[in-house]
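Worksheet: one structure, shown below.
In the text below, chain A, chain B and the rest are named by the order of the sequence lines, each starting its count at 1.
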Amino acid sequence: MLHSDQYNYLQGLNKQQRIAVETLDGPVLVLSGAGTGKTRVLTTRIAHLLVTGKSKPWNIMAVTFTNKAAREMKERVGRIIGPSSEQVLMGTFHSLGARMLRQHCELIGLKSNFTIIDVEDQVKLLKQIISAKNVDDKRWPAKFFLNIISSWKDKGLTPSKITDKHIFQYSNGLIKDIYIEYQERLLKSNCVDFGDLLVHPLELLRMNSDVLSKWQSKITHILIDEYQDTNTAQYLWIRLLCSKHNNICCVGDDDQSIYGWRGAEVKNILNFSNDFENSKVIRLEQNYRSTNKILDVANCLIKNNTNRLGKDLWTENNSDQDVEIFNSYDSSDEARKIGDIIEDKIRDKVHLTEIAVLVRTFSLLRAIEERFISIGLPYRVIGTKFYDRQEIRDAIAYVRVLCNPLDDLAFERIINTPRRGIGPTTIKKLSEYGRQNDMQLFHSAENIVNSEIFNNRTVEKIAQFINQIKKWKHLKNEKKPMDILDQVLEESTYYEMWENEKSEEAETRINNLKELLEVISEFDTLEGFLQHVSLMTDNDVGNELGEVTLMTLHAAKGSEYQVIFLPGWEDGLFPSFRSLEEGGEDGLEEERRLAYVGITRAKKELFLSYASNRRINGIWMSSLPSRFLKELPKDIANKIEANDYSAYSLYDENVSYDYTQKFKNQGYGPGWKRMSELKINNVKDKNLSQLPKNYENNFQINNFIKGDRVFHVKFGMGNVININDDKLDIKFDNAGHKKIQANFVEKQ
DNA sequence: TTCAGTTTAGTTTTT
DNA sequence: CTAAACTGAA
C-alpha cells in the first residue's frame with residue numbers, strides 16, 4: 001500500500017484541503033469560502049479517485065453550474081491525470097441532463113434530435129397558447145405564466161404533480177391547463193426548454209427502474225460544484241443517482257448562494273448533514289486570494305446575514321492597501337474616475353487582464369463602455385448576448401429547421417425572413433390546417449403544396465420555400481456544417497437582405513454572421529453546433545490581447561482579479577429594489593451575498609463606488625448610497641463623507657432606507673400609471689369582459705384586513721399583520737416575515 | 001402583404 | 001430611453 005505522501009499532486013494542500021481530497025468514501029460536504037481553493041480540491045479529488053484505483057474515469061460524474069467552470073475543471077483534471085480525464089462525465093447540470101435525455105428520449109416521447117429552446121421562444125409559445133385561450137395578455141403577460149411554470153420545473157413538478165394547492169391563486173386552474181398544453185406543444189415540436197433538461201431526466205429515472213439502476217451502477221462517485229446553487233429538481237436527480245453507492249462530494253459556500261431567484265435552495269447545503277447519513281463536513285477557511293483588508297470588508301458585510309452556517313475567512317496575506325470608496329456626481333463622472341484609476345494602474349504596470357469591473361446590471365456598463373472607448377482603453381464584456389442578436393437567431397432558426405423539421409417556433413421565424421410574401425394570414429391558415437390534421441407547420445406546408453387543393457400564388461411561394469429546405473437538408477450528408485449554413489444564407493437571400501440595407505448596422509450584422517460561421521466551423525454536425533449554442537451562453541473568449549473585463553456580479557462568481565471595481569452601490573439598484581420587493585428579507589440577504597461575491601473577487605485592490613444621480617430608463621433619478629456601505633467597517637466607510645455629492649448623509653438616521661417609500665412616490669412610466677389606475681378603478685378594466693369568468697376573482701387588489709389568513713405560492717400559509725396600500729406585511733408559518741404585493745397572495 | 005410612422009410597455013441576475 | 005407592438009395607407 002502506498003503512503004499518500006507519494007502522490008505528488010497532494011503536495012501543497014493544507015490540512016483541511018487534504019482531508020477533503022482524501023475522504024473518498026461516503027457523503028462529504030466541503031464548505032469552502034471564497035478563494036479557499038475549492039476548484040483545486042475538486043480536481044485533485046478526481047485525480048485521487050483515479051490514482052488510488054477507487055474509481056474508473058467513466059464511473060465519475062462531476063457537475064458544475066457554468067460552462068466556464070466545467071471547462072476549467074476539465075482542463076485542470078487533464079493536467080493532473082492526462083487524456084483519461086476525457087472519459088470522466090464532466091459538465092453542467094443542463095448539459096449532463098441533455099446527454100442523459102438524448103440517450104433515453106423515446107421514453108419521454110422525444111426524438112434524439114430534439115432542440116433546446118430559450119426564453120424568447122418559451123415566451124413566444126406561451127403567447128400563442130394564451131391568446132388561443134382568450135386570456136388578456138396585458139393583464140396576464142406570458143412572462144407571468146412562464147415564471148410560474150419555470151418555478152414549478154425548478155421543483156421538479158411535472159403537470160401531473162400540480163395539485164390544487166399549487167394552482168390555488170392562479171385563475172382557477174387555467175395555469176395548469178396552460179402548463180399542460182405548453183408541454184404538449186413542446187413535445188409535438190420535438191423541443192425542450194431549460195427546465196425540461198432537468199425535469200425530463202428526473203422523470204426518466206423516477207419512472208424507469210431499469211434506466212435508474214443502469215445509471216446508478218455506472219456512476220460510483222459524484223462531485224458537485226457550487227452546491228448552494230442547486231434547485232430541488234437537481235437535488236432530486238442527484239439523490240436518485242447517488243443512492244446506490246452513496247459516494248457524493250458537494251462543494252459549496254452558503255455565503256455565495258446568489259441564484260435563489262432561479263429556484264436555488266440554500267437549504268440543500270444547510271441540510272446536507274441531515275440529508276445524507278454518515279456524512280462528513282469539512283470547512284475550508286484559509287483564503288489564498290485576497291488581502292486581509294479585503295477580507296475584513298467581506299466578513300464585516302456578510303455577518304449581517306442571519307441565515308448562514310457561519311464562517312470567518314482568514315489569510316496570511318497582510319497588506320496596507322486600503323479598500324477605497326468614492327462617490328460621483330453621476331454615472332459618467334463615475335466612469336471617468338474608474339478610467340482615471342485604471343490609467344494609474346497601467347502606469348504601475350498592472351496588466352489589464354488583471355482588472356475587472358463588476359456591476360449589478362448590464363445597463364450600468366453603458367456609461368463605462370462609453371468612457372473606455374473615448375479614452376481608448378481596451379475592454380471585453382463577458383456574457384454579452386451574441387446569440388441573442390436578431391441575425392444570429394435567424395441563422396440558427398434555419399439550422400434548427402434543417403435538424404428538426406417539427407420545430408414550429410424556428411419554422412415560423414424564418415418562413416418569411418427574408419420576405420417571401422408569406423404573411424401572418426398564411427401562417428395562420430397553415431397552423432389551422434396543421435391542427436386539424438395533427439401536423440406541425442413544416443408538414444402542413446408540405447401537404448398543402450402536394451394536395452393541390454389550394455392553387456394560388458401563395459402556395460407557389462410556399463412550395464418554393466419547402467423545396468429549398470428539402471434541398472438544404474440533403475446537404476447534411478455531403479458538406480461541412482459551415483458550408484451548409486453559408487449556402488443557406490446565400491440562397492435564402494438572407495445575406496442579400498442585409499446587404500440591401502445600406503446602414504452601418506446592417507454591416508455589423510453581416511460581420512456577426514461571419515463570426516457565427518467561424519463558430520460553426522469547429523463542429524462536425526449541425527446538431528452538435530445547435531447543442532452548443534443553446535447551452536453555451538457565455539461566449540468567454542480568451543483575453544490574450546490584454547483587456548479590462550466587464551461583467552455582472554453573477555457572471556463573476558468563480559473568477560479573481562488583482563484589481564476590482566464595484567460601481568453602482570446605490571440603494572434600489574444594489575440592493576435591487578425588485579429583489580427586495582419579491583424576496584423581502586431573504587431577497588436582501590441574497591443581494592448581500594452578491595456583494596460578498598463581488599468583494600471577494602479582488603486579490604489586491606478593491607474600489608467601491610456610488611453615484612448621486614443616475615439615469616434610469618431615460619429619467620434622471622437621485623439616489624441614496626447603498627445600505628450595504630453602512631455595514632462596512634467604519635474606518636473605511638467614514639472616508640467618503642467629506643466629498644460626498646449626495647444630498648443625504650450616509651449616517652443621517654432620518655434618511656429612510658425603505659426603498660418602497662422612495663420608489664412608490666416616483667410615479668413615472670406606463671407601468672406605474674397602470675398600477676395606480678388599477679388601484680383607483682379597483683380593477684374595472686375594459687378588457688375584463690373578454691376574460692374567462694373566474695378571472696375577476698383574481699383582480700381584487702386589496703381587500704385584505706389585518707389578521708387575514710393568506711396563501712402564497714412560494715411561502716405557503718401566513719397571516720396578514722400589517723397593510724400598506726398594496727403591500728402586505730405577512731408572517732408566514734414557515735417562511736418568516738415578509739412584505740408581499742397584495743396580488744401575489746390569496747385570501748383563504 | 002409590406003412598410004413607415006406612431007404608440008406603448010418594460011425596466012435584474014442565467015442555465 | 002429603447003425595443004416591441006400596433007396602425008393605416010399603398
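- Considering only residues two or more places apart in sequence or on other chains, W569(A) meets the ring pair (Phe, Tyr, Trp, His ring centres under 6.0 Å) condition with F574(A).
- Looking at which nucleotide of DNA chain B each of R420(A) and K143(A) is closest to, the 5′-most match is held by R420(A).
- Residue T92(A) is in sugar-phosphate contact alone, with no base atom involved, counting any heavy-atom pair closer than 4.0 Å across all strands shown.
- Atom CG in L358(A) sits roughly 12 Å away from atom P in dT14(B) (whole-Å rounding).
- Whole-Å rounding puts the R615(A) CZ to dG10(B) P distance at 21 Å.
- Per the geometry, CZ belonging to R413(A) stands 10 Å off P belonging to dA4(C), to the nearest Å.
- Of the two residues contacting DNA chain B, namely I427(A) and G195(A), the nearest-nucleotide position lying further toward the 5' end is that of I427(A).
- For R366(A), the CZ atom is loosely surrounded, since the number of other residues' heavy atoms within 6.0 Å does not exceed 12.
- D118(A) comes within 4.0 angstrom of no nucleic acid atom, judged by non-hydrogen atoms across all strands.
- Between the side-chain ring of F65(A) and the base of dT15(B), no stacking contact exists by the 5.5 Å and 30° definition.
- Look at K127(A) and you'll find a side-chain N or O under 4.0 angstrom from OP1 or OP2 of dA5(C).
- In the set dT15(B), dT1(B), dT14(B), the nucleotide with an atom closest to the side chain of T426(A) is dT1(B).
- In secondary-structure terms, DNA chain B builds stems of at least 3 consecutive Watson-Crick or G-U pairs, each pair having both distances under 3.5 Å, at B:1-10 with C:1-10.
- Cation-pi geometry between R593(A) and Y596(A) is not satisfied (NZ or CZ under 6.0 Å from the ring centre, within 45° of the ring normal).
- Residue R366(A) places its side chain closer to dT2(C) than to any other of dT14(B), dT12(B), dT2(C).
- Using a 4.0 Å heavy-atom distance criterion, F93(A) is classed as making no nucleic acid contact.
- Computed from coordinates, the I130(A) CD1 to dA5(C) C1' distance equals 16 Å when rounded to whole Å.
- Under 4.0 Å is where a charged nitrogen must lie from a carboxylate oxygen, and between D193(A) and K153(A) at least one such pair does.
- One atom, CG of D121(A), and another, P of dT15(B), lie 17 Å apart when rounded to the nearest Å.
- Nucleic acid contact class of K461(A) (heavy atoms, under 4.0 Å, all strands): none.
- An OP1 or OP2 oxygen of dT14(B) is reached within less than 4.0 angstrom by a side-chain nitrogen or oxygen of T552(A).
- Nucleotides dA4(C) and dT13(B), compared at atom C1', are 22 Å apart to the nearest Å.
- Centroid-to-centroid, the aromatic rings of Y235(A) and W237(A) stay 6.0 Å apart or farther.
- Of the candidate nucleotides dT12(B), dT15(B), dT14(B), dT15(B) has the atom lying nearest to any side-chain atom of F194(A).
- Between the side chain of R360(A) and the base of dT13(B) there is at least one donor-acceptor pair of N/O atoms closer than 3.5 Å.
- The residue S363(A) sits apart from the nucleic acid: no heavy atom pair falls under 4.0 Å.
- E591(A) contributes a side-chain N or O that, together with a main-chain N or O of S576(A), makes up a donor-acceptor pair within less than 3.5 Å.
- Regarding F362(A), its CZ atom lies at a distance of 7 Å from the P atom of dT13(B), rounded to whole Å.
- The phosphate of dT2(B) (OP1 or OP2) has a side-chain N or O of N416(A) nearer than 4.0 angstrom.
- Side-chain contact annotation: E334(A) with S609(A), donor-acceptor N/O pair under 3.5 Å present.
- Atom pair E226(A):CD and dT15(B):C1' shows a separation of 13 Å (rounding to whole Å applied).
- A donor and an acceptor atom, one from each side chain of E226(A) and Q228(A), are located under 3.5 Å apart.
- Taking only distance into account, the side chain of R419(A) never meets the base of dT2(B) through a donor-acceptor pair shorter than 3.5 Å.
- Computed from coordinates, the N147(A) CG to dT14(B) P distance equals 15 Å when rounded to whole Å.
- Scored by the salt bridge (Lys or Arg N to Asp or Glu O under 4.0 Å) test, R400(A) finds D121(A), D407(A) as partners (sequence neighbours excluded).
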